[in-house]
Amino acid sequence: MPELPEVETIVRGLAKRVTGDVIETVWLGQKKEPLKSSAVEIAEALEQSRIVSVHRMGKHIVFDLDRAGRASEVRANKKSSKTRLSSNSRKASPSGQEVNARAQWIVHLGMTGRLQVCEAQEEAAKHTHAILKLASGRELRFVDPRRFGRLSVATAGFDAAGIEPLEIDRDRFTALFRGRKTPIKSALLNQKLLRGVGNIYADESLFRAGVRPRRRASTITYAELEKLHVALKEILKEAIALGGSSVSDYVNADGEAGFFQLQHRVYGREGEPCLVCKTPIKRVVIAGRSSHFCPKCQK
DNA sequence: ATACCGACCTGTCAGC
DNA sequence: TGCTGACAGGTCGGTA
């Protein structure tokens, strides 16, 4: 479901609502697919931790956690905890294992994942795989019908592969595609090159740049890559400004739909006239993904 | 090393 | 009404 603009929108909503809150307890469902780390590891890292910040890396949602505020620790020795943490970031957990004082909860939403902030009495949606009880009395729930989403924990050094498309400069962008025989569409979707671009925004940026999705990356001219670099950034920023694209069921952290789907020029418009030249939009399959383009506007 | 392709899941919708 | 097949915002591992 979500690509960079949708994840960014969700993260902004979550940051507003849960930053500073403390995770009291964690419930995890029985299905194993959504868990990349073990249930014990996740519960251990999250319970009694404070959510310091929420941010995005590519399509990953990263919750920065601070375990220093754990109730038992505070009770044990309020004064010395600060000193101890600054001189040594590692400390013993209640189970006796060494764990990092700072940890991260990493959420990837896959195709259909959602994170909801709910009142505790609200009935859990079908396909709820995780429930975090917060000190504020609310709950943070992970819901994912297709179970392509993934939950994991990391020590505070999580770094997704690839470069942020909104931060990459022109030279590094053009260098990404040099010598690659793969179709430009596949290269845009490759998260090890750029992180966060998915099917919609790959198609839309290729349309704006006037480049056909099947072109081999290595055959794209420098001028075309410059256009693509600008087009991709523009489109991602415009989509974020409109709260992302709601194609079927995407909603942000507040349960609201985005509006960028109204700006789509090619995605989901097979057979409809190009908004520039009226030529019917074509759909082909590249690397197993639907790919939409205007045969006249895109070379 | 690189690049396709199916697999992983459930839900929805079009067509018969 | 109900069945079947195609398709869906993503990523992985196996194979060629």
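Order of the sequence lines sets the chain letters (A, B, ...), proteins ahead of strands, with each chain counted from 1. The shown structure was predicted, so the numbers you read here are calculated from the model rather than taken from an experiment.
Judged as a ring pair (Phe, Tyr, Trp, His ring centres under 6.0 Å), and not counting sequence neighbours, the contacts of A/Phe63 are A/Trp105. In this structure, A/Arg146 has no side-chain hydrogen bond (donor to acceptor under 3.5 Å, both in side chains) partners at least two apart in sequence or on a different chain. Not a single side-chain hydrogen bond (donor to acceptor under 3.5 Å, both in side chains) links A/Ser218 to another residue, sequence neighbours left out. Not a single ring pair (Phe, Tyr, Trp, His ring centres under 6.0 Å) links A/Phe148 to another residue, sequence neighbours left out. In this structure, the side-chain hydrogen bond (donor to acceptor under 3.5 Å, both in side chains) partners of A/Glu272, at least two apart in sequence or on a different chain, are A/Arg269.
A salt bridge is absent between A/Arg208 and A/Glu204: the closest approach of a Lys/Arg side-chain nitrogen to an acidic carboxylate oxygen does not fall below 4.0 angstrom. Salt-bridge annotation for A/Arg195 and A/Asp159: present, with a side-chain N of the basic residue lying under 4.0 Å from a carboxylate O of the acidic one.
Here side-chain hydrogen bond (donor to acceptor under 3.5 Å, both in side chains) pairs that include residues 115-133 of chain A, with residues two or more places apart or in two chains, are A/Lys133-A/Glu139. The list of side-chain hydrogen bond (donor to acceptor under 3.5 Å, both in side chains) pairs with a residue in residues 22-35 of chain A, not counting sequence neighbours, reads A/Glu33-A/Arg147.
Mapping heavy-atom proximity under 4.0 Å, the span of DNA chain B touched by chain A runs 5' to 3' from B/dA3 to B/dG11.
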Which pairs would a plain distance check flag for residues 291-299 of chain A, meaning a side-chain donor or acceptor within less than 3.5 Å of a matching protein atom at least two apart in sequence or in another chain?
| unit_1 | atom_1 | unit_2 | atom_2 | d |
| --- | --- | --- | --- | --- |
| A/Ser291 | OG | A/Lys185 | NZ | 2.7 |
| A/Ser291 | OG | A/Arg289 | O | 3.2 |
| A/His292 | ND1 | A/Asp203 | OD2 | 2.8 |
| A/His292 | NE2 | A/Gly268 | N | 3.4 |
| A/Gln298 | OE1 | A/Cys294 | N | 2.8 |
| A/Gln298 | NE2 | A/Leu206 | O | 3.4 |
| A/Gln298 | NE2 | A/Val211 | O | 2.8 |
| A/Lys299 | NZ | A/Lys296 | O | 2.9 |

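Taking atom CZ on A/Arg195 and atom C1' on C/dG10, their separation rounds to 17 Å, with Å as the unit. Rounded to whole Å, the distance from CG on A/Leu194 to P on C/dG10 is 14 Å. Distance, A/Ile10 CD1 to C/dG9 C1': 10 Å, rounded to whole Å. Straight-line distance from the CG atom of A/Asn190 to the P atom of C/dG10: 13 Å, rounded to whole Å. We find that CD of A/Glu3 is positioned 9 Å from C1' of C/dG10, with the value rounded to whole Å. One interatomic measurement links the two molecules: CE of A/Met111 to P of C/dG10, which rounds to 6 Å at whole-angstrom precision. Atom CZ of A/Arg114 is separated from atom C1' of C/dG9 by 14 Å (rounded to the nearest Å). Atom pair A/Asn199:CG and C/dG9:C1' shows a separation of 8 Å (rounding to whole Å applied).
Across C/dC12 and B/dG11, the matching C1' atoms stand 22 Å from one another, rounded to whole Å. B/dA7 sits 15 Å from C/dG5 when the P atoms are compared, rounded to a whole Å. Between C/dA6 and B/dG6, the two C1' atoms lie 16 Å apart (nearest whole Å). A gap of 15 Å separates the P atoms of C/dG14 and B/dC9, to the nearest Å.
For the salt bridge (Lys or Arg N to Asp or Glu O under 4.0 Å) with A/Arg56, the qualifying choice from A/Glu167, A/Glu164, A/Glu6 is A/Glu164, the only one to do so.
Between A/His264 and A/Tyr201, the two ring planes are perpendicular [angle over 60°; tilted spans 30° to 60°].
Nucleic acid contact for A/Ser186: none, since no nucleic acid atom lies under 4.0 Å from a heavy atom of the residue. Within 4.0 Å of A/Pro5, counting heavy atoms only, lies no atom of the nucleic acid at all. The residue A/Arg283 sits close only to the backbone: its heavy atoms come under 4.0 Å of sugar-phosphate atoms, none of a base. Using a 4.0 Å heavy-atom cutoff across all strands shown, A/Gly288 reaches no nucleic acid atom at all. If you check every strand for non-hydrogen atoms under 4.0 Å, A/Tyr201 touches nothing.
Stacking of A/Tyr250 onto the six-membered ring of C/dG9 is not present when judged by under 5.5 angstrom between centres and under 30° between planes.
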Interface polar pairs with nucleotides 11-14 of chain C, N/O, under 3.5 angstrom:
| unit_1 | atom_1 | unit_2 | atom_2 | d |
| --- | --- | --- | --- | --- |
| C/dT11 | OP1 | A/His108 | NE2 | 2.6 |
| C/dT11 | OP2 | A/Lys59 | NZ | 2.7 |

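With hydrogens and angles ignored, the 3.5 Å screen pairs no side-chain donor or acceptor of A/Arg178 with any backbone N or O of A/Thr174. The main-chain N or O of A/Gln104 is never found under 3.5 Å from a side-chain atom of A/Asp64 such that the two would form a donor-acceptor pair.
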So what's the dot-bracket for DNA chain B: Watson-Crick or G-U pairs under 3.5 Å, [ ] if a pair crosses, | if it pairs off-strand?
.|||||||.|||||||

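Remark: A/Lys233 NZ is packed, more than 12 non-hydrogen atoms of other residues, nucleotides or ligands lying under 6.0 Å away.
Within residues 122-131 of chain A, the residues having any heavy atom closer than 4.0 Å to DNA chain B are, in order of number, A/Lys126, A/His127.
Closest to the A/Phe148 side chain, of the nucleotides C/dG9, C/dA8, C/dG10, is C/dG10.
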